[in-house]
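The first residue in the sequence is number 1, and the count goes up from there. Keep in mind the model is a prediction, meaning the values are calculated, not measured.
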Amino acid sequence: MKQFQLGKTGPTVSALGLGCMGMSGMYGPADRKESLATLQAAVDAGITLLDTGDFYGMGHNELLIGEALRTIPRDRVLLSVKFGALRDPAGGWSGNDMRPKALKNFLAYSLQRLGVDHIDIYRPARLDPQVPIEDTVGAIADMIKAGFVRHIGLSEVGAETLRRAAAVHPVSDLQIEYSLISRGIEDRILPTARELGIGITAYGVLSRGLISGHWRKDAIVAGDFRAHSPRFQGTNVDANLALVEALRKVAAAKDRSIAQVAIAWVAHQGQDIIPLVGARRRDRLAEALGALDVALTAKDIAAIELAVPKDAAAGSRYPAAAMADLDSEK
């Protein structure tokens, strides 16, 4: 698999990363055995970047990856960990805490759950309006000096916050949603990241399965957070699935799946953009890996963007309360 440097100061990573959130119940029940097999298959295929969050399944996701690392050599993977999102015992969300002392506490628990002595990329999950980004980044920099972290990443922040953070310490990458139906970063955030030499790790490249070509309106089960997503509700979902059907025709013309074309489109936007695929099964992983072999011509790109025009998506990418939490949307 091709490898690219993540930004001008980050590590070298695989052309595709694996987002592990779905293995911890966010899309409904996941199969532990299949999740572990998928993690192994990803590493065997050359994927080096594994992305998680300490709040995914309230620590479950880190424990799962830690279990996988008992048989996967540590030096074959780069661990990207988000921290700071607060949960309650019922699984609800209680805001964010990015204070330096809280950060060090979160890091200690992540290292223990993962069973490792360092995190490769450590990043606040969201901007904490009560804590200057300079304080949070400075605290992670202290952990780099102490040997517990290798690189600093950010998640869902806007252009100005990106500049303020990079002025304190080099930032390897910005993790942010980017897909055919989530192109908000193109106006200010992506140009700023490129100016600063900061890479992009793009999550939601299939919009949580919505534009995968596999999702159906009857697919949401108990525990699936998509039930609360505006893009999956009411008339919005019908409008969005109509975009998928238009994309299906483009994919069929190339003898590829819809998911492969959608992932390939993100990868085509630049070598500084690494798509994160949320596969939690080996068959979905294999399909996603096939996107790396999809060569898109200028004619293909035009056809794709005609089928799914910019800003064509119906509904916001998160519910209103969560959107208000996003510095990247301000």
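- No salt bridge links Arg188 with Glu160; every basic N to acidic carboxylate O contact stays at or beyond 4.0 Å.
- To the nearest 0.5 angstrom, Ile176 atom CD1 is 9.5 Å from Thr201 atom OG1.
- The environment of Gln271 atom CD is sparse: at most 12 non-hydrogen atoms of other residues, nucleotides or ligands sit within 6.0 angstrom.
- For Trp265 and Tyr178, the gap between ring centers is short of 6.0 Å.
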Note to self: Test side chain to side chain donor-acceptor pair (under 3.5 Å) on Ser182 and Glu177; report intermediate values, then the result.
What the structure shows: CA-CA 7 Å; Ser182 296; Glu177 186 167 356; 3.3 Å; yes
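- Looking at Asp224 and Arg208, no side-chain N of the basic residue comes within less than 4.0 Å of a carboxylate O on the acidic one, giving no salt bridge.
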Check: Does the pair Asp300 and Thr297 meet the rule for a side chain to side chain donor-acceptor pair (under 3.5 Å), with working shown?
Finding: CA-CA 5 Å; Asp300 292 331; Thr297 65; 3.1 Å; yes
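- For the atom pair CZ (Arg163) and CD1 (Ile133), the distance works out to 15.0 Å, reported to the nearest 0.5 Å.
- Tyr203 and Leu154 end up in different hydrophobic clusters when Ile, Leu, Val, Met, Phe, Trp and Tyr side chains are linked at under 4.5 Å.
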Check: Can you check side chain to side chain donor-acceptor pair (under 3.5 Å) on Glu287 and His214, steps first, answer last?
Finding: CA-CA 12 Å; Glu287 180 183 28; His214 301 298; 2.9 Å; yes
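- Going from atom CG of Leu86 over to atom CG of Asp97 covers 5.5 Å, rounded to the nearest 0.5 Å.
- A salt bridge is absent between Asp128 and Arg99; no separation between the charged side-chain nitrogens and carboxylate oxygens falls under 4.0 Å.
- By the 4.5 Å heavy-atom criterion applied to side chains, Leu243 and Ile211 are not counted as neighbours.
- Using modelled atom types, one finds a donor on one side chain and an acceptor on the other under 3.5 Å when comparing Glu62 with Ser110.
- In this structure the side chain of Ile140 never reaches within 4.5 angstrom of the side chain of His169, judged on heavy atoms.
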Item checked: Chi angles and distances behind the side-chain contact (heavy atoms from CB on, under 4.5 Å) call for Tyr122, Leu107 -> CA-CA 9 Å; Tyr122 202 49; Leu107 177 59; 3.6 Å; yes
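- For Thr12 and Gln5, the side-chain atoms include no donor-acceptor pair closer than 3.5 Å.
- Distance check, rounded to the nearest 0.5 Å: CG of Leu326 to CZ of Arg126 gives 5.0 Å.
- Judged by distance alone, the side chains of His151 and Ser172 never bring a donor and an acceptor atom under 3.5 Å apart.
- Under the 4.0 Å criterion applied to side-chain N and carboxylate O atoms, Lys82 and Asp54 are not assigned as salt-bridge partners.
- Under the 4.0 Å criterion applied to side-chain N and carboxylate O atoms, Lys310 and Asp187 are assigned as salt-bridge partners.
- Just one of Arg282, Arg280, Arg281, Arg284 meets the salt bridge (charged side-chain N to carboxylate O under 4.0 Å, His left out) condition when paired with Glu34; it is Arg282.
- Counting only N and O atoms by type, the side chains of Ser207 and Arg226 include no donor and acceptor under 3.5 Å apart.
- The closest side-chain donor-acceptor pair between Arg87 and Ser94, if any, does not fall under 3.5 angstrom.
- For Gln112, the CD atom counts as loosely surrounded, since its 6.0 Å shell holds 12 or fewer non-hydrogen atoms of other residues, nucleotides or ligands.
- A salt bridge between Arg194 and Asp272 is present, with a side-chain N of the basic residue lying under 4.0 Å from a carboxylate O of the acidic one.
- Contact annotation: the side chain of Gln175 approaches that of Ser80 to within less than 4.5 Å [non-hydrogen atoms, C-beta and beyond].
- Considering CG of Leu210 and CG of Leu241, their distance stands at 5.5 Å, rounded to 0.5 Å.
- Both Ile304 and Ile273 belong to a single network of hydrophobic side chains, linked directly or stepwise wherever heavy atoms of I, L, V, M, F, W or Y lie under 4.5 Å apart.
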